[in-house]
2 protein chains.
Amino acid sequence: MTTMHAPAKSASSSGSSGRIYNFGAGPSVLPEEVIRQIQEDVWNYKGCGMGVLEISHRGKQYDAMIAEIDKDLREVGGIPANYRILFMTGGASSQNYIVPANLLPKGGTADYIITGYWGEKSAEDAQQYAKCHNAGATVHIAGTSKDKNHSYIPGDDQIRYSARPAYVHMTSNNTIYGTQWKRVPAAPAGVPLVCDASSDIFSEPIDVTKYGVIYGGAQKNLGTTGTTFVIIRDDLVAGANKDIPKMLQYGTFAKDESRPNTPPTFAIYTVGLMAKWIKKQGGLKALAAANAAKAKLIYDVLDGSAYWKPHARKDSRSLMNITFRLGTEALEEKFLSEAKAQGIDGIKGHRATGGMRVSIYNAFPKAGCEAMAQFMKDFEKRNG
Amino acid sequence: MTTMHAPAKSASSSGSSGRIYNFGAGPSVLPEEVIRQIQEDVWNYKGCGMGVLEISHRGKQYDAMIAEIDKDLREVGGIPANYRILFMTGGASSQNYIVPANLLPKGGTADYIITGYWGEKSAEDAQQYAKCHNAGATVHIAGTSKDKNHSYIPGDDQIRYSARPAYVHMTSNNTIYGTQWKRVPAAPAGVPLVCDASSDIFSEPIDVTKYGVIYGGAQKNLGTTGTTFVIIRDDLVAGANKDIPKMLQYGTFAKDESRPNTPPTFAIYTVGLMAKWIKKQGGLKALAAANAAKAKLIYDVLDGSAYWKPHARKDSRSLMNITFRLGTEALEEKFLSEAKAQGIDGIKGHRATGGMRVSIYNAFPKAGCEAMAQFMKDFEKRNG
């Protein structure tokens with residue numbers, strides 16, 4: 001793809017594309033060729049005379065579309081036949097109660113490893129669900145990185161599982177803190193690992209068989225807002241609780257190709273476009289190399305001088321979200337405002353960490369990382 | 001708007017637009033000017049350098065967008081200040097349990113008036129919710145049109161409310177059977193009326209103050225798939241049950257402008273485009289007149305000869321979905337296949353009624369109804 005971006009420093013005056021570098025934490029940038037495809041398909045999808053927003057979720061165009069998405073995602077992600085790929089709604093935050101609703105039996109215990117804000121929310125919501133709806137069930141915090149403001153991923157020796165957890169929950173990448181798991185935690189044998197992978201799904205190869213459930217919002221690496229992917233092993237669907245509303249049961253979505261009612265057809269369609277785009281990039285191995293190279297451009301600047309204060313411990317650094325601070329808050333303000341003037345937007349850090357957060361998901365172009373690295377070096381020179 | 005449609009009979013060979021008449025029951029046709037706007041906005045939304053699929057739900061573009069959508073919807077629908085407009089997910093089918101989860105107290109009773117398939121599902125799902133989660137709560141069927149295959153809307157004298165219902169649930173338009181309420185049912189004083197208006201929202205003026213909750217999927221009259229609108233009176237939000245998951249509480253969405261987490265931003269954006277389009281048509285009064293004129297073209301044919309067997313009783317006819325049969329199933333097959341050959345798609349009736357269903361929501365063009373009426377007359381002439 002030829003990027004039509006103007007160089008970052010003139011982006012506000014707009015090149016032929018008129019588009020800026022969007023470092024937002026999600027919803028985030030889409031590949032420009034994907035957007036061009038969307039522009040065609042909303043008018044007339046594959047020549048059927050209806051736009052992709054207008055086709056029936058029971059019609060033959062949609063039948064073909066979801067079959068192809070399922071096939072492409074399996075190919076891209078190496079998803080085995082004994083896993084279902086479901087498309088639900090409500091975001092990862094809704095999985096916070098849907099996971100225990102389905103997988104936590106009455107009187108059971110669920111283990112949570114907390115490596116950031118979202119994992120904390122997941123555990124809290126599971127606790128609330130257990131209290132209100134699931135007599136006697138409990139949530140056990142098996143590990144947490146809270147002691148050091150979630151700047152690291154705990155080692156296996158820092159995690160204490162309960163005696164017989166129904167499942168172990170983890171968050172693979174922590175957007176706010178900029179950390180990411182580099183290994184799969186050693187959960188007790190036979191206990192399904194449930195992973196919120198909202199912010200790094202398909203950014204690198206993944207061994208799906210190590211997990212019972214992998215879920216997330218699609219809007220960072222895999223499409224746009226409006227759908228939540230759930231990759232789940234068949235036996236967990238079959239064994240899930242049935243005394244919950246039908247629209248919350250994984251089985252309802254597994255049985256009816258994720259369309260028990262009108263699904264978020266457009267959001268699912270964009271996942272399909274992203275799956276094809278990933279294939280075109282050479283699959284997850286090639287994408288992982290590209291993502292690592294992109295992140296390295298910025299981490300190299302951070303490591304180049306004591307001027308920069310990276311938040312994450314080196315061995316726990318995320319390739320998706322890079323978090324750092326400067327010496328003073330005044331300098332940080334200056335950094336943000338100068339960046340914005342150069343067409344670099346969306347890099348203000350979350351209030352939990354302060355400073356900056358640079359999000360560079362699958363679709364974020366390398367040229368944007370180069371522009372960012374250059375801007376950082378220039379800024380240091382001017383304000384060092 | 002100049003319609004760029006080729007005449008229906010040559011649509012399969014495609015005019016300049018390449019688009020056919022899409023009579024689908026939903027997701028359904030969008031105004032062509034709305035689609036053109038989407039094509040622009042996915043590339044660069046209001047000149048911000050990011051497409052509408054890529055902007056942050058916490059950014060200033062989205063802040064401005066949702067404020068404008070709220071304002072436009074209030075203006076279009078005459079929604080008073082003491083109602084909130086929420087955007088949730090999961091479709092109307094998810095409201096089947098979200099409504100009782102929020103509004104049905106332990107030991108309480110909810111009344112349901114069943115006028116079709118979807119109302120039946122709503123009552124069933126509420127019953128299941130009450131059984132699993134809401135100790136001692138019950139569902140009372142206050143009225144039903146099942147005795148005549150839901151071909152009519154029951155009169156107030158055919159409805160028997162329970163002693164003290166927490167709410168009364170109704171479905172304003174029945175897509176499958178082609179019936180529609182022409183009045184607001186006389187629910188007991190002070191009892192909130194909860195209305196599934198998925199298939200006729202904003203197709204005519206509505207007195208919002210007669211309802212406690214009006215909800216529905218946006219994909220028929222008000223946008224595309226992926227978001228569920230919930231118009232709810234403040235006191236019902238305040239008094240709703242709190243011992244349910246946070247992401248299911250109306251209060252969570254009321255408090256945080258429907259963005260407790262990443263919302264379905266694009267689907268909400270299309271609701272905004274439709275609100276502006278409705279305003280441009282002259283508002284709900286003008287739209288109601290247009291919808292009535294569109295429906296009349298087809299009902300006039302149905303009433304013109306005994307050849308046609310309309311399903312709905314005359315006083316209960318829907319302006320959104322027109323259902324009818326022919327003398328034999330063989331003739332119906334012929335009708336469907338000839339229609340398709342002329343670029344008229346999506347009119348096969350649901351298995352519950354058989355025959356045909358012609359869906360003509362807000363955005364469906366009058367020219368399409370004219371084409372349909374002409375096709376019907378021609379078909380009768382050839383096969384009478």
Side-chain angles (χ1 to χ4, degrees), chain A residues 11-12 14 17-20 22 24-30 35 38-39 42-44 47-51 53-57 59 88-94 96-97 125 128-129 132-133 217 219 224-227 243-248 260-267 270 343 345-346, chain B residues 11-12 14 17-20 22 24-30 35 38-39 42-44 47-51 53-57 59 88-94 96-97 125 128-129 132-133 217 219 224-227 243-248 260-267 270 343 345-346:
Chain A
S12 58
S14 143
S17 83
R19 287 166 55 84
I20 61 169
N22 170 10
S28 51
V29 67
L30 288 169
I35 301 176
I38 291 170
Q39 286 178 311
V42 291
W43 184 257
N44 191 343
C48 77
M50 300 176 273
L53 298 166
E54 304 164 302
I55 58 171
S56 168
H57 59 292
M88 301 179 75
T89 61
S93 294
S94 293
N96 285 354
Y97 68 86
D125 290 357
Q128 197 226 5
Y129 187 86
C132 296
H133 291 308
Q219 68 273 2
T224 182
T225 60
T227 193
D243 58 345
I244 60 172
K246 270 179 287 180
M247 287 296 291
L248 293 179
N261 67 336
T262 310
T265 53
F266 178 77
T270 63
D345 205 0
Chain B
S12 57
S14 145
S17 82
R19 287 167 55 85
I20 61 167
N22 168 8
S28 50
V29 67
L30 287 170
I35 301 176
I38 291 169
Q39 287 177 311
V42 292
W43 183 256
N44 191 343
C48 76
M50 299 176 272
L53 297 167
E54 303 163 302
I55 58 173
S56 168
H57 59 291
M88 300 178 76
T89 61
S93 295
S94 293
N96 286 354
Y97 69 86
D125 289 356
Q128 198 227 4
Y129 187 86
C132 297
H133 292 308
Q219 68 272 4
T224 181
T225 60
T227 191
D243 58 345
I244 60 173
K246 272 180 285 179
M247 286 296 292
L248 293 179
N261 67 335
T262 311
T265 54
F266 178 77
T270 64
D345 206 358

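No experiment lies behind these values; they were computed from the predicted model shown. Numbered from 1 within each chain, the chains take letters A, B, ... in sequence-line order.
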**Student:** What option among G24(B), A267(B), S28(B) has the most heavy-atom pairs under 4.5 Å with chain A?
**Tutor:**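 Ranked by heavy-atom pairs under 4.5 Å with chain A, first place is S28(B).
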**Student:** For the interface with chain A, which of G47(B), G346(B), C132(B) has the highest count of heavy-atom pairs at distances below 4.5 Å?
**Tutor:** C132(B)
**Student:** Considering non-hydrogen atoms only, spot the tightest contact between S93(A) and M247(B) and give its length.
**Tutor:**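 Answer, listing the atom of S93(A) first, then M247(B): O-CG, 3.8 Å.
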**Student:** Can you tell me how far the CE atom of M88(A) sits from the OG1 atom of T89(B), to the nearest 0.5 Å?
**Tutor:** 9.5 Å
**Student:** In terms of heavy-atom pairs under 4.5 Å with chain A, which of N96(B), I244(B), T270(B) leads?
**Tutor:** I244(B)
**Student:** Could you list the residues that satisfy ring-ring contact (aromatic ring centres under 6.0 Å, His included) with Y129(A), not counting sequence neighbours?
**Tutor:**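 By the ring-ring contact (aromatic ring centres under 6.0 Å, His included) rule, Y129(A) matches H133(A).
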**Student:** Where the side chain of R19(A) meets the backbone of N44(B), is there a donor-acceptor pair that is under 3.5 Å apart?
**Tutor:**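 No, R19(A) side chain to N44(B) backbone: no donor-acceptor pair under 3.5 Å.
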**Student:** Let me know if D243(A) has heavy atoms under 4.5 Å from chain B in its side chain, its backbone, both or neither.
**Tutor:**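 Both parts, backbone and side chain.
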**Student:** Check side-chain hydrogen bond (donor to acceptor under 3.5 Å, both in side chains) between T224(B) and all other residues, then give those that pass, not counting sequence neighbours.
**Tutor:**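 Partners of T224(B) by the side-chain hydrogen bond (donor to acceptor under 3.5 Å, both in side chains) criterion come out as none, since no residue qualifies.
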**Student:** Could you give the distance from CG (N261(B)) to NZ (K246(B)), rounded to the nearest 0.5 Å?
**Tutor:** 11.5 Å
**Student:** Between L30(A) and chain B, with a heavy-atom cut-off of 4.5 Å, which part of the residue counts as in contact: side chain, backbone, both or neither?
**Tutor:**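 L30(A) touches chain B through backbone and side-chain heavy atoms alike.
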**Student:** Could you report the tightest heavy-atom contact between T262(B) and Q219(A), atom names first, then the distance?
**Tutor:**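 Minimum heavy-atom contact is OG1-NE2, 3.3 Å.
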**Student:** Using heavy-atom distances under 4.5 Å, tell me whether Y97(A) contacts chain B through its side chain, its backbone, both, or neither.
**Tutor:**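 The side chain, not the backbone.
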**Student:** Distance-only, no hydrogens or angles: does the T225(A) side chain make a donor-acceptor pair with backbone N or O of T265(B) under 3.5 Å?
**Tutor:** yes
**Student:** With a 4.5 angstrom heavy-atom cut-off, is it the side chain or the backbone of I55(B) that approaches chain A, or both, or neither?
**Tutor:**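 Just its backbone gets close to chain A.
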**Student:** Just give me the residue among G91(B), G90(B), S56(B), G226(B) that pairs up with chain A most often, heavy atom to heavy atom, under 4.5 Å.
**Tutor:** G90(B)
**Student:** Which one of H57(A), E54(A), Q128(A) has the most heavy-atom pairs closer than 4.5 Å to chain B?
**Tutor:** E54(A)
**Student:** Side chain from CB out, backbone as N, CA, C, O: work out which of these in P263(A) comes under 4.5 Å of a heavy atom of chain B, or both, or neither.
**Tutor:**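 Interface part for P263(A): backbone (N, CA, C, O).
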**Student:** What part of S94(B) gets within 4.5 angstrom of chain A, counting heavy atoms only: side chain, backbone, both, or neither?
**Tutor:** both
